[in-house]
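The structure appears right after this line, and notes come after that.
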Amino acid sequence: MRDRLFWKLAVGFVAVLLVFTLILGTMFLSLFRSHTLELHREELEAKALSISATLGDFLSGRGGMGRSGQGGMGAYLRYLDELAMADVWLLDTQMNRLTAGHMNWTTAQENPLPEAGEEVARLALEGQLNCNQDLDTQKGSDFVLVGAPIYGSSGELLGAVVLQSWVDGVDHSVDQGLSALGLSAGVALVFALLAALFVSYRFSRPLCQLRTTVNRLGEGDYSARTQVRQRDEIGQLAGTIDILAQRLAEVDHQREELDRMRDDFIANVSHELRTPVAVLRGSVELLADGTVDDPAEIQEYYGQMLGESRHLERLVNDLLELSRLQNAQFRLETAPVDLRDVLRDAARAIRPKTAPKEITVQLSLPEQEAVLEGDYGRLRQMILILLDNSVKFSPVGSSIEMSLTQQPNGLLLDVADHGSGISPEELPHIFERFRKTSSRENASGTGLGLAIAQQIVQRHGGEIAVESKQGEETAFHISFPVKADVGE
């Protein structure tokens with residue numbers, strides 16, 4: 001439980017707050033005490049100056065030197081400690097402590113001036129307003145001493161006044177400030193703990209969801225989603241995991257599709273091989289055991305075996321050809337090719353098959369060059385596959401039209417015939433492997449020709465489509481993209 005991020009974040013928040021409170025308390029204690037002592041010294045200096053100015057007026061006679069004046073000064077001096085709220089010493093220029101009698105100044109020895117006050121008094125008798133802070137070892141408390149000179153009306157130095165104040169009140173103020181700071185820190189700690197728990201929960205909950213989703217993905221459940229919708233780094237991570245899950249689902253679907261296609265391929269190959277192998281085996285067995293002894297029948301069996309062997313050879317070659325074209329590592333031998341030359345060459349090569357059915361191949365080619373980057377032999381093979389397919393299903397005396405036109409983004413090749421057409425049910429599947437009709441015209445086909453043609457077109461970056469109506473013409477439309485620099 002201690003290893004959970006929730007508690008780590010919560011403890012981290014509280015630890016940071018405690019450290020911050022400790023640092024803040026230390027700084028507060030230092031600054032507050034220093035500031036309070038400074039204010040205390042300034043207040044004590046102001047009192048010392050006020051007392052020195054008042055005594056200067058009394059001693060110079062401006063306060064009245066009659067009985068009322070003397071009595072007023074006496075009362076003032078008697079209650080001076082209470083008025084100043086501090087211990088007060090009055091000193092003459094000889095460092096003697098003075099007190100007021102009825103008419104005269106006399107020395108007094110009670111309540112002697114502390115040792116630290118002698119230096120303050122000496123500096124005051126030199127005309128300096130000064131202060132000092134020291135520690136009373138007996139009381140264990142700090143005190144502040146302030147000395148101020150007393151000047152007469154003519155500016156002559158008459159004496160000095162020394163004030164002593166204990167800083168117990170300062171310590172009490174500091175203690176009160178620390179108590180307030182501690183109380184505030186405690187309240188802040190409670191709120192910070194609540195905030196830490198909330199933030200920790202907001203962090204840990206989506207992370208737990210991410211962990212659950214990743215575990216499900218690891219177990220093969222690619223339908224799992226994080227269900228986290230946040231506009232922060234965790235939300236971005238959740239979105240990435242969801243994208244990964246979607247792509248894994250797509251890959252899994254493709255894998256299943258490939259497995260199905262592989263199984264279908266194996267089944268199709270087995271079916272295609274079964275018939276010729278069975279014919280070959282039957283013919284060989286008949287010839288081997290001497291069942292057939294008529295020379296004419298023997299020659300007939302030899303011809304049948306030769307035909308089946310050629311069919312097997314064509315099937316194996318087509319399978320190898322299709323496998324090469326589907327391999328991404330297989331590279332075409334590309335070069336600038338004028339597609340008009342390829343069409344003329346293919347039209348000449350198909351004549352031996354069109355002649356017996358008196359089929360004519362009509363070409364419609366542009367006057368300007370139709371150059372693309374391609375493999376001449378593969379393009380010729382693709383066109384021959386389409387022409388051979390058209391010848392198979394075209395009636396005697398019909399025609400096959402091939403037209404090439406320039407398009408804004410490339411070249412468009414159309415190959416059309418006037419044969420029996422393709423049924424709507426078969427039309428979406430004509431480019432699949434081993435997909436062929438069971439008609440008499442297609443008895444020698446392997447069902448791989450159009451799949452090979454499609455692969456050649458796609459390897460050249462083009463697209464192939466077909467339009468057909470049963471009993472009417474069939475038209476293949478092949479589009480090739482052409483780069484501008486190739487045409488030039």
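The structure displayed is predicted, hence computed values, not measured ones.
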- Query: Mind checking what makes side-chain hydrogen bond (donor to acceptor under 3.5 Å, both in side chains) contact with Asp338, not counting sequence neighbours?
  - Reply: Arg340
- Message: Given 3.5 Å as the limit, does a donor-acceptor pair link the side chain of Gln246 with the main chain of Ser223, or not?
- Response: no
- Message: Looking only at side-chain N and O atoms, does Glu401 offer a donor or acceptor that is under 3.5 Å from a partner on Ser403?
- Response: no
- Item | Heavy-atom neighbours of Glu463 CD exceed 12 at 6.0 Å | no
- Query: With distance as the sole criterion, is a donor-acceptor pair present between the side chains of Thr334 and Asp375 under 3.5 Å?
  - Reply: no
- Query: Under the side-chain contact (heavy atoms from CB on, under 4.5 Å) criterion, do Leu387 and Lys353 qualify, and how do the steps go?
  - Reply: CA-CA 10 Å; Leu387 290 176; Lys353 292 188 177 182; over 6 Å; no
- Item | Nearest non-hydrogen partners of Arg380 and Ala349, listed with the distance | NH2-CB, 3.2 Å
- Item | Between CG on residue Asn215 and CZ on residue Arg211, distance to nearest 0.5 Å | 7.0 Å
- Query: Tell me, do Met402 and Val361 make a side-chain contact under 4.5 Å, heavy atoms counted?
  - Reply: yes
- Task: Might you point out which heavy atoms bring Ile359 and Val391 nearest each other, and give the distance in Å?
- Result: CD1-O, 4.1 Å
Which side-chain N or O atoms in residues 408-417 pair as donor and acceptor under 3.5 Å with protein atoms at least two apart or in another chain?
| from | atom 1 | to | atom 2 | distance (Å) |
| --- | --- | --- | --- | --- |
| Asp414 | OD1 | His477 | ND1 | 2.6 |
| Asp417 | OD1 | Gly419 | N | 3.0 |
| Asp417 | OD2 | Ser390 | OG | 3.0 |

- Item | Thr354 vs Thr360 side-chain heavy atoms within contact, under 4.5 Å | no
- Item | Expected output: side-chain Asn132 to main-chain Val120 donor-acceptor under 3.5 Å | no
- Query: Between Ser398 (side chain) and Pro395 (backbone), is there a donor-acceptor pair under 3.5 Å?
  - Reply: yes
- Query: Which pair of non-hydrogen atoms, one from Leu217 and one from Ala245, has the smallest distance, and what is that distance?
  - Reply: CD2-CB, 3.6 Å
- Task: For Arg225, enumerate each residue passing the salt bridge (Lys or Arg N to Asp or Glu O under 4.0 Å) test, keeping only those at least two apart in sequence or located in another chain.
- Result: none
- Drop me the distance from Ile383's CD1 to Ile456's CD1, to the nearest 0.5 angstrom. 9.5 Å
- Message: Is any side-chain heavy atom of Glu473 closer than 4.5 Å to one of Ser468?
- Response: no
- Check whether any side-chain heavy atom of Gln362 lies under 4.5 Å from a side-chain heavy atom of Ile400, and answer yes or no. no
- Before giving the answer on side-chain contact (heavy atoms from CB on, under 4.5 Å), spell out for Leu163 and Leu145 the whole-Å C-alpha distance, their side-chain angles and the decisive distance to 0.1 Å. CA-CA 6 Å; Leu163 277 70; Leu145 287 165; over 6 Å; no
- Query: Would you say Ile464 and Leu450 make side-chain contact, with heavy atoms under 4.5 Å?
  - Reply: no
- Can you name the closest pair of heavy atoms from Lys357 and Ser394 and give their distance? NZ-O, 2.6 Å
- Taking atom types as modelled and ignoring hydrogens, do the side chains of Tyr376 and Asp345 form a donor-acceptor contact shorter than 3.5 angstrom? yes
- Query: More than 12 non-hydrogen atoms from neighbouring residues, nucleotides or ligands closer than 6.0 Å to CZ on Arg281, yes or no?
  - Reply: no
- Task: May I have the step-by-step check of side-chain contact (heavy atoms from CB on, under 4.5 Å) for Leu386 and Ile478, ending in yes or no?
- Result: CA-CA 11 Å; Leu386 298 180; Ile478 304 100; 3.7 Å; yes
- What heavy-atom pair brings Ala346 and Leu384 nearest, and what distance separates the two atoms? O-CD2, 3.5 Å
- Classify the side-chain pair Gln407/Thr405 by whether it contains a donor and acceptor separated by less than 3.5 Å. yes
- Considering all heavy atoms, the nearest Leu210-Val228 contact: CD2-CG2, 4.4 Å
- Tell me, with the steps shown, if Glu45 and Arg41 meet salt bridge (Lys or Arg N to Asp or Glu O under 4.0 Å). CA-CA 6 Å; Glu45 288 177 356; Arg41 284 194 295 268; over 6 Å; no
- Could you state the interatomic distance from CD (Gln406) to CD (Glu369), rounded to the nearest 0.5 Å? 10.0 Å
- Message: Counting C-beta onward and ignoring hydrogens, is there a side-chain heavy-atom pair between Ile241 and Ile243 closer than 4.5 Å?
- Response: no
- Message: I'd like to know if the side chain of Asp252 reaches the main chain of Glu250, judged simply by a donor and an acceptor atom lying under 3.5 Å from each other, with no hydrogens or angles considered.
- Response: no
- Query: Any side-chain heavy-atom pair from Ile452 and Ile385 closer than 4.5 angstrom?
  - Reply: yes
- Message: Assess, by modelled atom type and distance only, whether the side chains of His460 and Glu373 contain a donor and an acceptor separated by less than 3.5 Å.
- Response: no
- Show your working on side-chain contact (heavy atoms from CB on, under 4.5 Å) between Leu339 and Phe480 and close with a plain yes or no. CA-CA 10 Å; Leu339 198 54; Phe480 293 103; 4.2 Å; yes
- Item | Residues, nucleotides or ligands: over 12 heavy atoms within 6.0 Å of Glu333 CD | no
- Separation between CG of Leu372 and CG of Leu379, rounded to the nearest 0.5 Å: 6.0 Å
- Task: Sequence neighbours left out, what passes side chain to side chain contact (heavy atoms under 4.5 Å, CB included) with Leu306? Give chain and number order.
- Result: Arg310
- Tell me, which pairs form a salt bridge (charged side-chain N to carboxylate O under 4.0 Å, His left out) where one or both residues lie in residues 294-307, sequence neighbours left out? none
- Under the side chain to side chain contact (heavy atoms under 4.5 Å, CB included) rule, collect the residues that match up with Glu43, sequence neighbours excluded. Lys47
